[in-house]
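For reference, the structure is listed below as structure tokens.
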Amino acid sequence: MNKLRTALATAAAAALGLAAVATAPAQAAAQPAFLDASQMPPSSAPWTATQVFTGVPENGGVLCAPYKIPAQNTRYREFSTDLDTNGVQVTTVARTEADAVKLVDTLRKALAGCGPLLEQQNPGLQAVSASHGKLAVEEGAWVYSLDTADPQIGINDIHLFSVGRDGRTVTLVRWGQMGDLKDAPLTAFRTTTKTAVSKLH
């Protein structure tokens, strides 16, 4: 009986060892989590969210930061409502933490300088970028806005952006709709940003 118990214990230990080996790659390959539709800033119409796609959105990324985010190790999810309010979250895992810090700096510069750049590229367009400070979440997150007006066609748009980091993982969130900065849910967007960064890992 003692021999049988010893054999069973040995077999169980071996099985646990194999299970640990089997689950290790799955844990190592765990992907950063994304925002749910309900975690976007409140809207008078419900948000819907797409599945999470691999790569970057069409046109190389998002407004103000096209082609700044590498497609490798990057995924994104898009959000929308029936009222033309829309958004996207793009998340990438950098090779090293230093690379992640560099990407955050690149994105922050792109977002801060977006207004003047758009005016240069689109004569007649009025575009104003503004910084709305740093949020205390993980390694930090920064919030920006872009207020645009096209007098020729009489359309005003407002966009909110944020970029945050948790270790090697960087995420960028965009919210947009027709209107001005006074119409934007800036406080709620800060909450959305904190949630997005907190959910990464």
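Keep in mind that the numbers below use all heavy atoms, side chains included, and drop hydrogens, waters and symmetry copies. Here, residue 1 is the first one in the sequence, and each next residue gets the next number.
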Problem - Heavy-atom side-chain contact between Val170 and Arg165 under 4.5 Å - result: yes
Exercise for the section: Check the surroundings of atom CD in Gln121: do more than 12 heavy atoms from other residues, nucleotides or ligands lie under 6.0 Å from it? Expected result: yes
Practice task
List the steps and the verdict of side chain to side chain contact (heavy atoms under 4.5 Å, CB included) for Leu135 and Arg190.
Solution key: CA-CA 8 Å; Leu135 303 178; Arg190 289 190 175 102; 3.8 Å; yes
Problem - Contact check, side chains of Leu83 and Ser44, non-hydrogen atoms, under 4.5 Å - result: yes
Handout entry: Contact summary for Ser145 and His132, nearest pair of heavy atoms
Key = OG-NE2, 2.8 Å
Problem - Interatomic distance, Asp150 atom CG to Leu118 atom CG [nearest 0.5 angstrom] - result: 11.5 Å
Fill in the blank from the handout: Taken to the nearest 0.5 Å, the spacing of Thr169 OG1 from Glu97 CD works out to 9.5 Å
Exercise for the section: Just grab all the disulfide bond (SG atoms under 2.5 Å apart) pairs involving residues 154-201, residues at least two apart or on different chains. Expected result: none
Problem - side chain to side chain contact (heavy atoms under 4.5 Å, CB included) assessment of Gln89 paired with Val173 - result: CA-CA 4 Å; Gln89 180 183 8; Val173 180; 4.0 Å; yes
Problem - For Pro46, side-chain contact (heavy atoms from CB on, under 4.5 Å) partners two or more places apart - result: none
Problem - Under 3.5 Å: donor-acceptor pair, side chain of Arg77, backbone of Ala49 - result: no
Practice task
Grab the two heavy atoms, one from Pro151 and one from Gln126, that are nearest each other, plus how far apart they are.
Solution key: CG-NE2, 3.7 Å
Problem - Side chain to side chain, Glu138 and Leu200, heavy atoms closer than 4.5 Å - result: no
Practice task
With the side chain counted from C-beta on, respond yes when Ile158 and Gln177 share a heavy-atom pair under 4.5 Å apart, and no when they do not.
Solution key: yes
Exercise for the section: Taking Ser129 for its side chain and Gly115 for its backbone only, find out whether a donor-acceptor pair lies under 3.5 Å. Expected result: yes
Practice task
Would you check if there is a donor-acceptor pair between the side chains of Thr96 and Asp99 at a distance under 3.5 Å?
Solution key: yes
Fill in the blank from the handout: Interatomic distance, OG1@Thr85 vs CZ@Phe79, rounded to 0.5 Å, equals 13.5 Å
Handout entry: Cluster check Trp47, Val88: I/L/V/M/F/W/Y, side chain < 4.5 angstrom
Key = no
Exercise for the section: Using modelled atom types only, decide if a donor and an acceptor are shared between the side chain of Thr50 and the backbone of Glu78 within a distance under 3.5 Å. Expected result: yes
Exercise for the section: Would you mind reporting whether Glu139 and Val197 have side-chain heavy atoms less than 4.5 Å apart? Expected result: no
Exercise for the section: Identify whether Val56 and Leu172 are in the same connected component of the hydrophobic contact network (ILVMFWY, side-chain heavy atoms under 4.5 Å). Expected result: yes
Problem - For the student: nearest non-hydrogen atoms of Lys134 and Gly140, plus distance - result: CE-CA, 4.0 Å
Practice task
State, with a plain yes or no, whether a side-chain heavy atom of Pro32 is found less than 4.5 Å away from one of Arg75.
Solution key: yes
Practice task
Give a yes or no on whether Ile69 and Leu146 share a hydrophobic cluster (residues Ile, Leu, Val, Met, Phe, Trp, Tyr; joining criterion: side-chain heavy atoms under 4.5 Å apart).
Solution key: yes
Exercise for the section: Tell me who clusters with Met178, hydrophobic residues only, linked when side chains sit under 4.5 Å apart either directly or through other members. Expected result: Ile153, Ile155
Practice task
Take Val163 and Lys68, measure what side chain to side chain contact (heavy atoms under 4.5 Å, CB included) needs, and give me the verdict at the end.
Solution key: CA-CA 12 Å; Val163 56; Lys68 302 294 184 183; over 6 Å; no
Problem - Test item: Thr192 side-chain N/O and Gln39 main-chain N/O as donor-acceptor pair under 3.5 Å - result: yes
Problem - Within-4.5 Å side-chain heavy-atom neighbours: Thr195 and Asp36 - result: no
Fill in the blank from the handout: Closest non-hydrogen contact found for Pro41 with Ala188 is CB-CB, 3.9 Å
Fill in the blank from the handout: Output for pair (Phe189 CZ, Arg174 CZ), nearest 0.5 Å, gives 9.5 Å
Practice task
Following the transitive rule for hydrophobic clusters with a side-chain heavy-atom cut-off under 4.5 Å over Ile, Leu, Val, Met, Phe, Trp and Tyr, establish whether Leu181 and Trp175 coincide in one cluster.
Solution key: yes
Practice task
Indicate yes or no for a side-chain donor-acceptor contact from Thr74 to the backbone of Gly55 under 3.5 Å, with no hydrogens or angles considered.
Solution key: no
Handout entry: Closest non-hydrogen atom pair, Leu125 against Ala149
Key = CD1-O, 3.4 Å
Problem - CG on Asn73 to OG1 on Thr91, rounded to 0.5 Å - result: 12.0 Å
Exercise for the section: Scan residues 84-114 for pairs that pass disulfide bond (SG atoms under 2.5 Å apart), counting only residues two or more places apart or in two chains. Expected result: Cys64-Cys114
Practice task
Determine, using the 4.5 Å side-chain heavy-atom cutoff (strictly less than), whether Tyr144 and Leu103 are members of one ILVMFWY cluster.
Solution key: yes
Exercise for the section: With sequence neighbours excluded, tell me which residues meet side chain to side chain donor-acceptor pair (under 3.5 Å) with Asn156. Expected result: Asp180
Exercise for the section: Check the pair Val104, Trp142 against side chain to side chain contact (heavy atoms under 4.5 Å, CB included), reporting the backbone distance first and the verdict last. Expected result: CA-CA 9 Å; Val104 168; Trp142 293 261; 3.8 Å; yes
Handout entry: Separation of Leu35 CG from Thr193 OG1 (nearest 0.5 Å)
Key = 8.0 Å
Fill in the blank from the handout: Note: Thr148 and Ala127 closest approach over all heavy atoms is CG2-CB, 3.9 Å
Practice task
Would you please name every residue forming a ring-ring contact (aromatic ring centres under 6.0 Å, His included) with Phe53, sequence neighbours left out?
Solution key: Tyr76
